[in-house]
Amino acid sequence: MESAEIVAHIPRLRRYARALAGDNHRADDLVQDTLERALAKFYLWRRGSDLRAWLFTIMHNVFINQLKARRELALDDGVEEGLQSAPQSDPLELRDLDAALTLLPAGQREVLLLVALEQLTYAEVSKVLSIPVGTVMSRLSRGRERLRALMSGAATATNLKVVK
Amino acid sequence: MSDLSVTDLHAYTDGQLDDARRVQVEARLAHDSAATESVRVWREQNEALRALYSPVLNEPVPQRLLAARALRGRWPYYALAAGAMGLGFGLGWMSQSYRTDRFVEAAALPRRAAVAYAVYAPEVRHPVEVGADQQDHLVKWLSKRLGHELKAPVLKQRGFDLVGGRLLPGGKGPVAQFMYQDAMGQRITLYVSLSDAEPRDTAFRFSQEDKVAVFYWIDGKLGYALSGEMDRASLLAIATVVYRQLNP
């Protein structure tokens, strides 16, 4: 019965993962690992608490571990501008939202997507990602401004050098 | 920006301010074009992200994601059996010889409808794209996008008011979802898809998709699925009203 409740959340987990991972196959790997872990740890879920938030928390942890494994972790706000491993992109591609999103540091991307796609409150985002609300706000702010610059094309040339 | 903080601006953008603070922020925005522009751009970003990724919600879930040991067998991924066992309820029943693709298409309807219900019915802030206050616009817009005239049934007699509707990606083009709510906050959805197969009619069929009960039928070019988390008899009573209104 409970696992059927998890199944009902799969479409949302897939949507978030697709935006987060920027690649369909990688996104479904992320969902699959999240589901496996959620089922293994289901006894830890407190009945009555928000199952969706719990699943997104697990996905966040799986995602971070995958980034660490690929040495792509660029979560720390202090160094995120320099560490992001952006793919070599043609500046023209940056007009694509999909491509622009992959150029945001993972921490900013997570916050922006949880707010924009999942419409979580800032307090919920703080809980899911285990970061203070102040950090949620600063990542949201920087993520949005970065995306704005990328989409407007103004910052593409210089930013590409920075993120290299 | 006077005492308009960046946090206020974001919270305003995302609809996360209480009414009193929202009014204050709006008053200040009227004199701050840079801040107003930021809010506009950020809202566009939110909408663009939703437009880009929300179609994922209606993609069929890959088998491998449902193959996890504990999930297997719990969810009627192959709703074929459920569809095949659906009984005729005497409304416009016509015997039909199904080809396999038809069969699959018919079986996919309740599952897609139930998933769309499960995703949007619990939504507090954005259950619909266009609200019932713009009902004419809603129906015209959805009719235009589906390429077929639609009607939003009136379910007042069963205690349900129209909340609004949204456009969703279906298996073969756009799908319309109308949402209704009763005084207790219980929601039901009417999922309408256009079939490119030959027009035909079927009886009511019933499918229990996990907690969501679905009555579905095909009427000419349109496939309908009424979904709700309620018992079969209550849902059937509503489905009957819907059917009669659509076929006066």
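Each chain gets a letter, A, B and so on, in the order its sequence line appears, and its residues count up from 1. As a basis for the values below, the full set of heavy atoms in this structure was taken, side chains included, without hydrogen atoms, waters or symmetry mates.
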What is the distance from atom [atom1] of [X] to atom [atom2] of [Y], rounded to the nearest 0.5 Å?
| X | Y | atom1 | atom2 | value |
| --- | --- | --- | --- | --- |
| B/Glu59 | A/Ile10 | CD | CD1 | 13.0 Å |
| A/Leu13 | B/Leu65 | CG | CG | 9.5 Å |
| A/Leu140 | B/Thr7 | CG | OG1 | 9.0 Å |
| B/Trp42 | A/Leu112 | CH2 | CG | 11.0 Å |

Is it the side chain or the backbone of B/Val41 that comes within 4.5 Å of chain A heavy atoms, both, or neither?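 For B/Val41, side-chain heavy atoms alone lie under 4.5 Å from chain A.
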What part of B/Leu52 gets closer than 4.5 Å to chain A, counting heavy atoms only: side chain, backbone, both or neither?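 The side chain, not the backbone.
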Side chain, backbone, both or neither of [X] within contact of chain B (heavy atoms, under 4.5 Å):
| X | answer |
| --- | --- |
| A/Leu101 | side chain |
| A/Leu20 | neither |
| A/Asp98 | both |
| A/Asp33 | neither |

Specify which of A/Arg12, A/Arg144, A/Arg15 makes the most heavy-atom pairs with chain B at under 4.5 Å.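 Highest number of heavy-atom pairs under 4.5 Å: A/Arg144.
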Any idea which of A/Leu147, A/Val31, A/Val115 has the most non-hydrogen atom pairs under 4.5 angstrom with chain B?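 Maximum pair count with chain B is reached by A/Leu147.
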Ion pair check, B/Glu123 and A/Arg52, cut-off under 4.0 Å: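 Salt bridge: no.
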Give a yes or no answer on whether the side chain of [X] reaches the backbone of [Y] with a donor-acceptor pair at less than 3.5 Å.
| X | Y | result |
| --- | --- | --- |
| A/Tyr122 | B/Gln16 | no |
| A/Gln119 | B/His126 | no |
| B/Arg50 | A/Ala116 | yes |

What are the two closest heavy atoms between B/His10 and A/Ser141, and how far apart are they?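 In terms of heavy atoms, the two residues are closest at NE2-OG, 3.0 Å.
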If I compare all heavy atoms of A/Pro11 with all of B/Val56, which pair ends up nearest, and what's the gap?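 Closest approach of A/Pro11 to B/Val56: O-CG1, 4.4 Å.
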Chain A: which of B/Ser38, B/Pro122, B/Ala48 shares the most heavy-atom pairs with it under 4.5 Å?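 Among the listed options, the one with the most contacts to chain A is B/Ser38.
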